[in-house]
Structures are given as structure tokens and as C-alpha cells.
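Right, one structure below, let's go through it.
Since this is a predicted model, take the numbers as computed values, not measurements.
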Amino acid sequence: MTRLLHISASPRGDASESMRIAEVFASTFAGTHDDAVTEHWDLWDGSLPDFAVGARAKMTVFSGATPQGAEAEAWSAARRVFERFAGADRLVFSVPMWNGSIPYVLKQFIDVVSQPGWVFRVDPVAGYSHLLADRGTRVAVIYSSAVWGPGLGPEFGQDFQSTYFTDWLHWAGLTDTRELRFHPTLTGDWEAARQAADAAARDLAKTF
């Protein structure tokens with residue numbers, strides 16, 4: 001069984017271009033992989049825990065102690081999120097551009113799962129170890145934006161969306177990554193861009 005998990009960061013439902021492309025990808029994957037099991041995780045569904053207490057638990061773990069009481073509950077909630085994410089064989093992220101970067105709910109997801117002993121270890125001399133490396137996990141990321149696009153000048157913004165998120169994936173050890181992009185811009189042909197993105201999604205999903 002190959003488990004594909006689509007993690008969506010857009011709250012726009014059927015109006016979301018990134019989510020629509022991800023659904024094309026997931027349906028093609030399911031149709032071309034006999035052992036496929038697909039799941040959609042909407043990060044806006046309330047399943048992400050608040051991490052105020054969890055941040056204190058993280059520092060407790062860093063100190064070599066074990067979280068207790070409310071910290072232990074927060075740490076367990078974060079662990080459940082991590083296990084759902086790390087248990088997938090294939091990951092698809094649909095990521096719209098918000099103000100040049102990623103939606104805050106995706107940053108919340110990153111902050112919840114990026115814990116010592118789960119995603120990383122750090123050594124004062126050697127630096128970080130990337131604990132999700134060498135697991136065979138493949139990642140596809142769908143990046144979308146309406147105003148910014150490749151080739152446009154800085155007056156239309158800059159891409160801190162893919163640069164940040166790709167860097168986090170690689171830091172975690174998830175280096176087998178592919179990108180699908182939808183950047184029609186304000187003056188582009190949106191329908192042609194949709195068709196091109198859908199075709200690219202189908203092609204990638206067949207061999208993913």
C-alpha cells in the first residue's frame with residue numbers, strides 16, 4: 001500500500017487553484033497506482049493544536065527533561081500531528097502565495113511538527129541532522145499566485161513562498177521534491193495556465 005497525503009494550506013475550498021490542481025494530481029495518482037490510498041488534510045479544519053504550551057514543552061525536551069502536565073498534553077498533541085504527516089509515503093502540498101510567502105496555517109504546521117528527535121537533531125559542532133532523510137518519501141508541491149510570476153519585476157512582489165518552504169523540506173530531510181506551478185499573473189491567460197498546470201500534474205502523478 002502506498003499512502004499519498006495531500007496537505008492543503010488554502011481556506012478557499014472549491015475556489016482554490018492550488019487545491020484544484022492537487023485534486024487532479026491525487027485522482028490521477030489513485031487511478032494509476034493499484035495500491036494507492038489517498039487522503040486530504042485541510043490545515044484549516046481545526047486539527048492543528050495551539051502551540052503556546054507546546055513551545056515550552058519543546059524547551060523542556062531540549063533541556064533533557066520530560067514534559068509534564070499541560071506540557072505533556074501539548075507535546076502529545078503535536079506528536080499526533082507529526083505521525084499523521086510522517087506516516088505518508090507520498091506528500092502533496094498545495095500552497096498559495098500570501099503576501100509573498102506561505103499562509104500562516106502552513107507555518108503553524110511547520111512549527112508544530114519541527115521538533116527535536118522527530119524532524120531534527122542538533123549538535124553544537126556538527127549542526128543539524130535531518131531525521132526524515134533516507135525514508136523514500138517523495139514530495140510534490142503546488143505553488144500558486146495571482147500577482148507575482150516568474151520573470152516579473154519586484155513591483156509585482158518577490159517569491160519567498162517557494163524559497164522558504166523548499167528550504168524547510170530539505171532541512172527536514174525531504175529532498176526528493178518536485179514542483180508544480182500556477183502563476184497566471186494579472187494579465188495572463190488563466191484558462192491556458194489551468195490546462196498547462198493540470199497536464200503537468202497528471203504527468204507527474206503517473207510516475208510519482
Side-chain angles (χ1 to χ4, degrees), residues 2-10 18 22 39 41 43-44 47-145 158-181 204 208:
T2 303
R3 179 176 170 236
L4 180 142
L5 177 61
H6 166 211
I7 299 177
S8 63
S10 173
S18 61
E39 177 188 356
W41 185 358
L43 293 181
W44 296 90
S47 59
L48 290 179
D50 179 89
F51 204 61
V53 177
R56 296 199 295 272
K58 179 176 187 173
M59 299 315 295
T60 298
V61 171
F62 262 129
S63 73
T66 300
Q68 302 293 330
E71 286 190 8
E73 294 177 8
W75 197 244
S76 294
R79 180 68 191 186
R80 289 191 291 272
V81 173
F82 169 77
E83 288 177 351
R84 185 177 181 184
F85 154 66
D89 304 294
R90 304 287 185 268
L91 291 163
V92 179
F93 289 90
S94 50
V95 184
M97 180 178 283
W98 280 22
N99 300 308
S101 187
I102 62 174
Y104 67 83
V105 73
L106 182 55
K107 183 59 167 63
Q108 181 183 356
F109 166 83
I110 289 170
D111 290 338
V112 168
V113 302
S114 298
Q115 304 306 331
W118 305 355
V119 166
F120 71 93
R121 279 194 294 268
V122 63
D123 179 87
V125 176
Y128 285 110
S129 297
H130 317 288
L131 301 186
L132 300 185
D134 302 320
R135 295 159 56 106
T137 307
R138 297 178 185 171
V139 183
V141 188
I142 297 151
Y143 292 113
S144 66
S145 63
Q158 297 188 57
D159 176 19
F160 300 107
Q161 169 201 39
S162 66
T163 53
Y164 172 77
F165 191 64
T166 300
D167 182 74
W168 175 76
L169 289 171
H170 291 180
W171 172 76
L174 298 170
T175 57
D176 188 355
T177 62
R178 304 289 186 275
E179 292 183 2
L180 295 165
R181 289 182 171 269
L204 178 59
F208 191 61

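- Proximity of Glu179 to Thr166: side-chain heavy atoms (C-beta onward) are separated by under 4.5 Å at one or more points.
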Original post:
Is there a side-chain contact (heavy atoms from CB on, under 4.5 Å) between Arg181 and Ser162 once you walk through the steps?
Top reply: CA-CA 10 Å; Arg181 289 182 171 269; Ser162 66; 2.8 Å; yes
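- Across every non-hydrogen atom of Ser144 and Gln161, the tightest pair is O-NE2, 3.1 Å.
- Atom CG of residue Asp111 and atom NZ of residue Lys107 lie 3.0 Å apart, to the nearest 0.5 angstrom.
- Closest non-hydrogen pair, Val125 versus Asp123, comes out as N-OD2, 2.8 Å.
- Between Phe120 and Trp171, the two ring planes are tilted [angle within 30° to 60°].
- Arg135 places a side-chain N or O within donor-acceptor distance of the main-chain N or O of Ala86, the cut-off being under 3.5 Å.
- Counting heavy atoms from C-beta outward, Pro96 and Pro103 have side chains that approach closer than 4.5 Å.
- Heavy-atom neighbours of Asn99 CG from other residues, nucleotides or ligands within 6.0 Å: at or below the threshold of 12.
- Residues meeting the side chain to side chain donor-acceptor pair (under 3.5 Å) test with Trp168, sequence neighbours left out: Ser114.
- Across all non-hydrogen atoms, the minimal contact from Ala70 to Val53 is O-CG1, 3.6 Å.
- Taking the six-membered ring where tryptophan is involved, the planes of Tyr104 and Trp44 are perpendicular, since the angle between them exceeds 60° and thus also 30°.
- In this structure the side chain of Gln115 never reaches within 4.5 angstrom of the side chain of Val119, judged on heavy atoms.
- For Leu91 against Thr137, the heavy-atom pair with the smallest separation is CD1-CG2, 3.9 Å.
- Annotation for Ala65 and Pro67: closest pair O-CD, 4.0 Å, computed over non-hydrogen atoms.
- In this structure the side chain of Thr177 reaches within 4.5 angstrom of the side chain of His170, judged on heavy atoms.
- Tyr164 pairs with exactly one of Asp159, Val95, Ile110 by the side chain to side chain contact (heavy atoms under 4.5 Å, CB included) rule, that one being Ile110.
- Here NZ of Lys58 is found 13.5 Å from CD of Glu71. Values are rounded to the nearest 0.5 Å.
- Looking at residues two or more places apart in sequence or on another chain, you find a ring pair (Phe, Tyr, Trp, His ring centres under 6.0 Å) between Trp75 and Trp118.
- In this structure the side chain of Ser47 reaches within 4.5 angstrom of the side chain of Arg84, judged on heavy atoms.
- Between the CZ atom of Phe85 and the CZ atom of Phe109 there is a distance of 4.5 Å, given to the nearest 0.5 Å.
- For the pair Gln108 and Pro49, the tightest heavy-atom approach, listed with the atom from each and the gap, is NE2-O, 3.1 Å.
- Here the CG-OH distance, from Leu180 to Tyr143, works out to 10.5 Å after rounding to the nearest 0.5 Å.
- Enclosure of atom CZ in Arg3 by more than 12 non-hydrogen atoms of other residues, nucleotides or ligands within 6.0 angstrom is indicated.
- In this structure, the separation between NE2 on His6 and CD1 on Ile142 is 6.0 Å, given to the nearest 0.5 Å.
- The shortest distance between side-chain heavy atoms of Leu48 and Val105 falls below 4.5 Å.
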